[in-house]
Amino acid sequence: MIAEARKVAMEPIARLLLTHAHMDHIGSLDGLARALGEPQVAIGKREARLLPKPPAQDRSLDPGEPQCPVKGGFPGAATKPTHLLSDGELYGSLRVVASPGHTPGHLAYLDERDGTLYAGDALVTVGGQVEVIGFGPWFFPMTALATWHKPTALTSARRLAELPIRRYAAGHGRVVEGGPELLLAAIRRAEAKLR
Ligand SMILES: [Zn+2]
């Protein structure tokens, strides 16, 4: 993984953005940060509590949040974030969009220049179809099993569907070209499963 990180580090990378603190999304963080020197490292303010290694890691839930334990692996990283992001702010070229549900502090990022939504695990495109995290596809259960609170994920998906999306780049699955109609269809499928 360090060798891979070194290859990536040959690029002029100044910023590392995290969508959430699950192990398959921060696995290279320490190696990359080391190889890059001192990159900016950004994560959501809420999610940042899950980024340190135990015992500094804080898995507690806030009073307004669904009171079910977070799911999935949070191994933690030694790298400390340099920027704590909040919903609606512009970080570099990307608009920060709070999208809790998969984890309590999950963020998606919209590149407003070309409509690319970096959805992290708010959505999944495995199989080539946009789905709300936790609601499919059946042959890829991993991210659903690691999802903290599905109804919250669905609420976040409705918010994401209001954005001027032109393509979906999710954490799992290939890039899918298309607008909000793809996500609206996914929301309808998810709502049918929730009933
Ligand atoms: Zn995840």
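Whatever order the structure lists them in is the order used to number ligands and atoms, beginning at 1. Just so it is clear, the values below take in all heavy atoms, side chains as well, and ignore hydrogens, waters and symmetry mates.
- No salt bridge links Asp87 with Arg95; every basic N to acidic carboxylate O contact stays at or beyond 4.0 Å.
- Within the coordination shell of the Zn ion (ligand 1), defined by N, O or S atoms under 2.8 Å, His20 is present.
- With a 6.0 Å cutoff to the six-membered ring centre and a 45° limit on the axis angle, Arg189 does not count as a cation-pi contact of Phe135.
- Here His22 reaches the Zn ion (ligand 1): one of its N/O/S atoms is less than 2.8 Å from the metal.
- Residue contact annotation: Asp121 places an N/O/S atom under 2.8 Å from the Zn ion (ligand 1).
- The side-chain contact (heavy atoms from CB on, under 4.5 Å) test with Arg167 is passed by exactly one of Leu182, Val176, Leu117, Thr116: Thr116.
- Checked for salt-bridge contact, Asp58 and Arg46 miss the test: no charged N lies under 4.0 Å from a carboxylate O.
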